[in-house]
Amino acid sequence: MSKKISSRAEDYSQWYNDLVIRGGLADYSPVRGCMVIKPYGYAIWENMKTVLDKKFKDTGHVNAYFPLFIPKSFLSKEAAHVEGFAKECAVVTHYRLMNDPNGKGIVVDPDAKLEEELIVRPTSETIIWHTYKNWITSYRDLPLLINQWANVVRWEMRTRLFLRTAEFLWQEGHTAHSTSQEAIAEAETMLDVYADFVEKWLAIPVLRGVKTPNERFAGAVETYCIEALMQDGKALQAGTSHFLGQNFAKAFEVQFMTKENKQEYVWATSWGVSTRLIGALLMAHSDDEGLVLPPKVAPLQVVIIPIFKNAEELNAVFDRVSSLMKTLKAQDISVKLNDDDQTRPGFKYAQYELEGVPVRIAIGPRDLVSGTAEVARRDTKEKQIVQIDDLETFVPALLDEIQANMFQKALKFREENTRRADTYEEFKRLLDEQPGFILAHYDGSPETEDKIKEDTKATIRCIPLNNPLEDGVCILTGKPSTQRVVFARAY
RNA sequence: CGGGGUGUAGCGCAGUCCGGUAGCGCACCUGGUUUGGGACCAGGGGGUCGUAGGUUCGAAUCCUGCCACCCCGACCA
């Protein structure tokens with residue numbers, strides 16, 4: 001095995017795969033499009049989950065769990081919804097296997113065919129709204145604010161580790177409200193929760209906006225999204241929040257009695273983020289040496305590498321740092337001393353750089369004499385000598401600085417790669433030569449959007465919230481336009 | 001589903017053209033020397049060569065079918 005991972009410049013896709021595999025985040029599984037999330041990758045997900053779950057609860061939501069299997073007939077109750085998901089559903093048709101009569105292993109028992117086939121959930125709107133029908137009868141039952149952490153299956157044509165897998169982990173919030181305004185406010189609140197999380201914890205700047213009708217979630221009236229820019233200039237949708245209007249309430253007959261004693265359909269939202277966020281995290285920050293993790297979600301924030309030739313020297317380092325480790329842990333900083341005597345320091349340095357541990361501290365016999373340590377930060381790869389006694393204040397400050405610096409770096413990258421195009425030629429040239437977000441006018445028609453997508457593979461990522469109005473003309477048709485929208489090629 | 005590629009030890013590969021019973025590097029195990037940026041020496045274990053069939057005295061190698069995975073597209077979070 002080569003020691004280096006592929007570089008971004010020579011093969012961006014391979015670089016990404018190397019990060020995931022060599023970084024110990026996931027493995028391929030025996031089933032196409034599925035992956036095994038390894039402990040290190042899962043630890044990142046757990047950290048994300050912990051923060052998000054608290055934010056959901058702080059905004060009034062509770063967790064519940066709905067079943068994996070959905071009766072096939074449910075899916076077709078909302079027309080746009082089935083249109084959007086039918087082509088990528090895993091279907092359960094039988095419930096039993098038997099020994100092959102021809103002696104070749106095991107086969108599906110033809111007598112065990114299900115009366116009605118079951119869909120493995122690609123998302124849970126249908127089963128949840130079926131359930132909500134029984135839970136909601138009065139305005140007093142509203143709002144109903146429920147989230148679930150679950151796995152879903154979408155049988156995608158082409159998969160990519162974390163970014164698009166056949167099965168993925170996510171959370172999906174499903175809320176019911178008595179008014180349209182309240183549901184819209186909910187969808188916007190959750191978009192803000194996502195944006196805040198991605199920017200402050202993952203250190204990835206995002207654009208908040210709404211999707212055009214073409215890009216809207218199947219069954220939504222309005223889809224809000226956060227869009228991030230990856231290092232190769234492609235966009236990645238990092239989270240979505242949908243205002244579903246009364247579409248699902250009507251499809252599943254969910255009505256409530258108002259204060260005025262009138263029957264009305266309830267208003268709905270749904271919102272979700274998935275393990276795709278791990279893909280975003282990798283692609284936004286990592287470099288040719290490996291992962292670069294923001295301290296706030298790094299499974300391990302600080303690693304101490306002792307330099308030693310024998311047990312005495314190791315113990316001397318351990319004695320010198322044990323109180324430091326306690327102090328850091330008391331501040332909720334994860335720290336580990338790697339006392340493995342089978343690998344040498346250089347190997348450990350390379351390994352922790354690959355894994356993206358934010359701060360590395362090396363302490364050897366010479367340091368013990370001088371009372372110093374070598375502190376290396378992963379984001380800039382800078383090293384400096386610090387007094388060991390100062391580390392308990394230096395390290396927390398450094399972690400904060402790394403977190404802030406990673407966000408600033410990503411923000412600068414996005415700003416430098418957000419450009420305006422006023423003609424179609426310029427638009428196409430930018431896509432090929434300087435990929436990134438492109439702000440351009442379009443005439444607002446789905447046909448124009450489709451044509452541009454067909455020509456260039458670029459899509460409208462979003463119409464930013466609070467978008468400044470500006471008169472212009474559509475880059476494709478020359479028709480008048482009142483605002484620029486954000487185009488990009490996307491994952 | 002279209003295009004390209006690959007299936008040989010846990011991983012990465014050579015061997016296939018030209019058939020003779022499988023090899024290298026890393027990893028792993030044992031012992032020793034090492035340890036401030038991916039250590040070294042010696043010894044050792046591990047593979048029905050993706051799968052099914054065919055040709056042949058003999059197949060990783062030739063022929064046919066099938067399967068899987070990866071990359072690039074169309075679809076999507």
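Below, all heavy atoms of this structure are taken into account, side chains as well, without hydrogens, waters or symmetry copies. So that the names make sense, note that chain A is the first sequence line, chain B the second, and so on, each numbered from 1.
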Determine the contact category for F168(A): base if any of its heavy atoms lies under 4.0 Å from a base atom, sugar-phosphate if only primed atoms, P, OP1 or OP2 are that close, otherwise nothing. base
Who pairs with A74(B) - Watson-Crick or G-U, where each distance is under 3.5 Å: none
How is F85(A) classified with respect to the nucleic acid when contacts are heavy atoms under 4.0 Å: base, sugar-phosphate, or nothing? nothing
C11(B) pairs with, by Watson-Crick or G-U criteria that keep both distances under 3.5 Å: G25(B)
Could you give the distance separating G58(B) and C11(B) at their P atoms, to the nearest angstrom? 33 Å
Go through the steps for E222(A) and R216(A) under the test salt bridge (charged side-chain N to carboxylate O under 4.0 Å, His left out), then give the verdict. CA-CA 7 Å; E222(A) 186 85 277; R216(A) 227 172 248 158; 3.8 Å; yes
Look at the side chain of K383(A) against the base of G36(B) and say whether a donor-acceptor pair falls under 3.5 Å; ignore hydrogens and angles. no
What's E156(A) touching, base or sugar-phosphate or nothing? Going by heavy atoms closer than 4.0 Å. base
Can you find a side chain N or O atom of T343(A) that sits less than 4.0 Å from OP1 or OP2 on G38(B)? no
H242(A) and T223(A) side chains, donor-acceptor separation under 3.5 Å: yes
Measuring only the P atom in each nucleotide, how far is C1(B) from U16(B)? A whole number of Å is fine. 34 Å
Base, sugar-phosphate or nothing for K348(A)? Non-hydrogen atoms, less than 4.0 Å. nothing
Would you say R154(A) reaches C76(B)'s phosphate, i.e. side-chain N/O to OP1/OP2 under 4.0 Å? no
Does N17(A) make a side-chain N or O approach to OP1 or OP2 of C71(B) shorter than 4.0 Å? yes
C1' atoms of G46(B) and G23(B), separation to the nearest Å: 14 Å
Relative to the 5' end of RNA chain B, which residue comes earlier, Q14(A) or A218(A), by the nucleotide with the nearest heavy atom? Q14(A)
Rounded to whole Å, how long is the line connecting atom NZ of K453(A) with atom P of C76(B)? 5 Å
What is the distance, to the nearest angstrom, from the CG atom on L314(A) to the C1' atom on U34(B)? 16 Å
Taking CD from E454(A) and P from C75(B), how many angstroms apart are they, rounded to a whole number? 10 Å
When the C1' atoms of C49(B) and G4(B) are considered, how many whole Å apart are they? 24 Å
Could you give the distance separating A59(B) and U64(B) at their C1' atoms, to the nearest angstrom? 15 Å
Would you kindly give the CG-to-P distance between L368(A) and G36(B), to the nearest whole Å? 15 Å
Whole-Å gap separating P (C75(B)) and CG (L163(A)): 17 Å
Under 4.0 Å, counting only non-hydrogen atoms across every strand here, what does T223(A) touch: a base, just sugar-phosphate, or nothing? nothing
For G31(B), the nucleotide meeting Watson-Crick or G-U wobble distances (both under 3.5 Å) is C41(B)
Whom does G46(B) pair with, Watson-Crick or G-U wobble, provided both distances fall under 3.5 Å? none
When we call it a touch if two heavy atoms are under 4.0 Å apart, what does K87(A) touch: a base, just sugar-phosphate, or nothing? nothing
Hey, what do you get for CG (N63(A)) to NZ (K57(A)), rounding to the nearest 0.5 Å? 4.5 Å
For a salt bridge (charged side-chain N to carboxylate O under 4.0 Å, His left out) check, start with the C-alpha distance between E227(A) and K211(A), then their side-chain angles and the critical distance, and finish with the verdict. CA-CA 10 Å; E227(A) 291 285 330; K211(A) 290 291 189 189; 2.7 Å; yes
Between CD of Q231(A) and OG of S286(A), what distance do you get to the nearest 0.5 Å? 7.0 Å
In whole Å, I'd like the distance from the CD atom of E88(A) to the P atom of C75(B). 12 Å
Atom CZ of R22(A) to atom C1' of A27(B): distance rounded to whole Å? 12 Å
Spacing of the P atoms in U55(B) and C71(B) (rounded, Å): 39 Å
Determine: side-chain N/O of R344(A) to OP1/OP2 of U34(B), distance under 4.0 Å, yes or no. no
Please evaluate the base of C76(B) for a donor-acceptor partner in the side chain of R164(A) within a cut-off of under 3.5 Å? yes
Side chain of E353(A), base of G37(B): donor and acceptor closer than 3.5 Å? yes
Counting only Watson-Crick pairs (N1-N3 plus N6-O4 or O6-N4) and G-U wobbles (N1-O2, O6-N3), all under 3.5 Å, who is the partner of A68(B)? U6(B)
Atom pair distance, as rounded to whole Å: CZ in F217(A) and C1' in C75(B): 15 Å
Both distances below 3.5 Å, Watson-Crick or wobble geometry, any strand: find the nucleotide opposite A60(B). none
Distance between C1' atoms of A14(B) and A60(B) (Å, rounded): 12 Å
With a 4.0 Å cut-off on heavy atoms, is S13(A) in touch with a base, just the backbone sugar-phosphate, or nothing at all? sugar-phosphate
When rounded to the nearest Å, what value does the distance between P atoms of C41(B) and G5(B) take? 39 Å
Check the pair R377(A) / D379(A) against salt bridge (charged side-chain N to carboxylate O under 4.0 Å, His left out), numbers first and verdict last. CA-CA 6 Å; R377(A) 53 189 284 184; D379(A) 61 334; 2.7 Å; yes
In the structure shown, which nucleotide is the Watson-Crick or G-U wobble counterpart of C17(B), with both distances under 3.5 Å? none
Base, sugar-phosphate or nothing for Q351(A)? Non-hydrogen atoms, less than 4.0 Å. base
Using a 6.0 Å cut-off, check whether atom NZ of K428(A) has over 12 heavy atoms from anything other than its own residue. yes
Would you say the side-chain atoms of K336(A) pair up with the backbone N or O of I304(A), donor to acceptor, closer than 3.5 Å? no
Tell me what I305(A) touches on the nucleic acid: a base, only sugar-phosphate, or nothing, going by heavy atoms under 4.0 Å. nothing
